[in-house]
Amino acid sequence: MKDLENIKIAVFGQGKMGLPLASVFAEHGIDVIGVDINQKVVDELNNGINHINEEPGLSELVSKNVKNKKYTATTDGVKAALDADIMVILVPTLIDERGNIKLDPVYSVSEIISKGLKKGNIVITEATMPPGTTEKLIPIFEKSGLKLGEFGLSHAPERTMTGTALRDIKGQYPKIIGCSDERTYNIVSKLYNLINKKGTIKMSSIKAAETVKVFEGVYRDVNIGISNEMALWCEEHSINALEVFEAANTQPFCHFHTPGAGVGGHCIPVYPWFVINTSNEVNPRITKTARELNDFMAHHMVELTIKGLNEFKKCLNGSNVLVLGLTFRGGVKEFMKSAAIPIIKELNSFGANVYSYDPLCDESDFERFNSKLKTDFIGIDAIIVTSDHEEFKHIDFEKISKEVSTKLIIDGRNVINVSNAIENGFRMIKVGNLK
């Protein structure tokens, strides 16, 4: 293997995680090939145009790297593997509605890499996968005619979040590394220490490294689940859950999350299934229950809407309901497991007239999820907040109080200015607080 200054890295997958990683490698003087199946994306990248617009600083970095000839993009993965010394796999790993894991992109990329794999090369998987998956790729890589040991294998899970990917890659958290052998570890650790100021953590095996990232997601999901469950209990007992959580969290061993409309994104609601669906002897009861409960919260938002409308002697059937937010969280145009989707579906099933608004979305997005775009509040009977966009924190309730038909807000993200809303006569309902 060459010195780090002279190596070439091919990053397979130039999406929301792959492009930032490739860009940071290139920023540190490494020659990088970005591989993607989308020809339009590749053409734009080779012209210095970034297609991940929600990532601060990425556009400037892409342009700079292309200009400095440290980054090129291609759809020819075999040639990229032939040209590179280290191949990084960072393509999506998803689940279907039943929690079944879909790893086709990982296997497809591995087949491509096997056609260009050379002695001394290293393959790194960064995509989050069920523990044990990386080593299941060995027979595919060995189609190259090489045996493991003649090439190195590593798992170094991405620990990034959309909107802060560059910050995260450069050192928000240490890099987790598991490798097939010591030589591979020495090279991979040097590589990530070059770009990550927090350094690296060496794991005893590739499978252990895979498990770290999966468990991070499970931990978050379970903790959100217990917060949602206690919030439901507080509703039953007429207690303000947020007040209780805030007080309880002053004790250092307690950390309740903010309850809400559900858990979205590609990570937290997905990774628990990697544990649930790969367990033969252990029945992950807590993990399953938390997952079911967090998915239930979207239905509970509809329940709260019905309760609120009942207070005004109104029925959900025929009411005009405005859903604020299509994306799963504020500032990011991503719909994976967004609470808004099942909420809109259920509202439609009850005969409500469903409208929605999201500052990041266009009319086609609203049509896709069976709601109508509405940019005002005229005639609205209930407002449901499902995303924490910054814009929603600054709603002018004095103005909209003159537009709505019914002053009802169901806040599923704890973002509404409560005092402003109440001062203007709105009935506020939050998850965990029905008062």
Side-chain angles (χ1 to χ4, degrees), residues 97 228 259-265 269 294-393 395-397 399-416 421 425-431 434:
E97 290 184 356
N228 280 330
V263 178
N294 289 335
D295 279 348
F296 165 80
M297 295 307 293
H299 167 72
H300 185 59
M301 290 292 293
V302 178
E303 290 181 326
L304 294 179
T305 304
I306 293 171
K307 287 181 180 179
L309 285 169
N310 285 346
E311 292 179 18
F312 289 91
K313 309 299 182 186
K314 289 197 172 186
C315 177
L316 180 56
N317 188 346
S319 289
N320 298 319
V321 182
L322 175 61
V323 177
L324 292 183
L326 282 183
T327 62
F328 85 91
R329 71 178 173 91
V332 177
K333 190 177 181 181
E334 185 57 67
F335 305 109
M336 178 67 174
K337 298 292 283 186
S338 170
I341 298 170
I343 288 172
I344 289 171
K345 184 178 180 180
E346 187 167 351
L347 289 172
N348 278 317
S349 74
F350 276 111
N353 303 312
V354 186
Y355 302 90
S356 56
Y357 171 73
D358 190 301
L360 301 182
C361 297
D362 56 37
E363 195 156 354
S364 65
D365 296 316
F366 301 103
E367 292 174 358
R368 172 183 167 195
F369 297 116
N370 297 312
S371 67
K372 300 169 190 157
L373 169 62
K374 191 168 179 60
T375 56
D376 58 46
F377 295 82
I378 296 173
I380 292 299
D381 296 301
I383 300 167
I384 304 176
V385 184
T386 62
S387 300
D388 56 342
H389 291 297
E390 187 66 27
E391 180 178 323
F392 300 159
K393 300 176 184 178
I395 294 174
D396 185 348
F397 287 103
K399 176 179 179 294
I400 74 168
S401 67
K402 300 178 178 67
E403 298 178 347
V404 298
S405 292
T406 309
K407 296 182 179 182
L408 173 63
I409 301 171
I410 301 89
D411 185 359
R413 292 299 175 206
N414 196 39
V415 296
I416 295 298
F426 281 86
R427 168 70 167 107
M428 280 287 307
I429 297 176
K430 292 187 177 186
V431 175
L434 303 185

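Numbers here simply count residues along the sequence, with the first being 1. These values consider heavy atoms only, across backbone and side chains, with no hydrogens, waters or symmetry-generated copies.
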Spatial distance of atom CD1 (Ile378) from atom OH (Tyr355) [nearest 0.5 Å]: 11.0 Å

Over all heavy atoms of both residues, which pair between Ala340 and Val323 is shortest? Give the atoms and the distance, please. CB-CG1, 4.2 Å

Is any side-chain heavy atom of Lys333 less than 4.5 Å from a side-chain heavy atom of Asp358? no

Test Ser319 against every option in Asp381, Ile380, Thr406 by the side chain to side chain contact (heavy atoms under 4.5 Å, CB included) rule and name the one that passes. Asp381

Do any side-chain atoms of residues 341-350 form donor-acceptor pairs under 3.5 angstrom with protein atoms, and if so which ones, sequence neighbours left out?
unit_1	atom_1	unit_2	atom_2	d
Glu346	OE1	His299	ND1	3.1
Glu346	OE2	His299	ND1	2.7
Asn348	ND2	Ile344	O	3.2
Asn348	ND2	Asn370	O	3.0
Ser349	OG	Glu346	O	2.6

Beyond-backbone contact of Glu303 with Phe296, side-chain heavy atoms, under 4.5 angstrom: yes

Heavy-atom closest pair (Thr386 atom, Gly325 atom, distance to 0.1 Å) is OG1-O, 2.6 Å

Report the residues that fulfil salt bridge (Lys or Arg N to Asp or Glu O under 4.0 Å) with Lys399, sequence neighbours left out, ordered by chain and then residue number. Glu403

Distance, nearest 0.5 Å, that separates CG of Leu326 from CG of Asp362: 10.0 Å

Evaluate Leu360 against His389 for side chain to side chain contact (heavy atoms under 4.5 Å, CB included), listing each step before the verdict. CA-CA 9 Å; Leu360 301 182; His389 291 297; 3.7 Å; yes

Identify the residue among Ile383, Leu316, Asn353 that makes a side chain to side chain contact (heavy atoms under 4.5 Å, CB included) with Val321. Leu316

Would you call Asp295 and Lys337 a salt bridge, using N to O less than 4.0 angstrom? yes

Identify the two heavy atoms, one from Phe366 and one from Ser356, that lie closest to each other, and give their separation to 0.1 Å. CD2-OG, 2.9 Å

Distance check, rounded to the nearest 0.5 Å: Asn310 atom CG versus Leu408 atom CG? 10.5 Å

Pro359 and Phe392 have their tightest heavy-atom pair at CD-CZ, 3.9 Å

Please give me the minimum heavy-atom distance between Gly379 and Ser405, naming the atom from each residue. CA-OG, 3.3 Å

To the nearest 0.5 Å, how far apart are CD1 in Ile410 and CD1 in Ile429? 5.5 Å

Can a donor-acceptor pair be found, under 3.5 Å and without considering hydrogens, that links the side chain of Asn228 to the backbone of Gly260? yes

With a 4.5 Å heavy-atom cut-off, do Met301 and Val431 have their side chains touching? yes

Candidates Phe397, Phe377, Phe312 - the one meeting ring pair (Phe, Tyr, Trp, His ring centres under 6.0 Å) with Phe426: Phe397

Separation between CG of Leu322 and NZ of Lys374, rounded to the nearest 0.5 Å: 7.5 Å

Would you indicate whether the side-chain heavy atoms of Tyr357 and Asp376 approach each other to under 4.5 Å? no

Side chain Asp411, main chain Ile416, donor-acceptor under 3.5 Å: yes

Could you give the distance from OG1 (Thr327) to CZ (Phe335), rounded to the nearest 0.5 Å? 7.0 Å

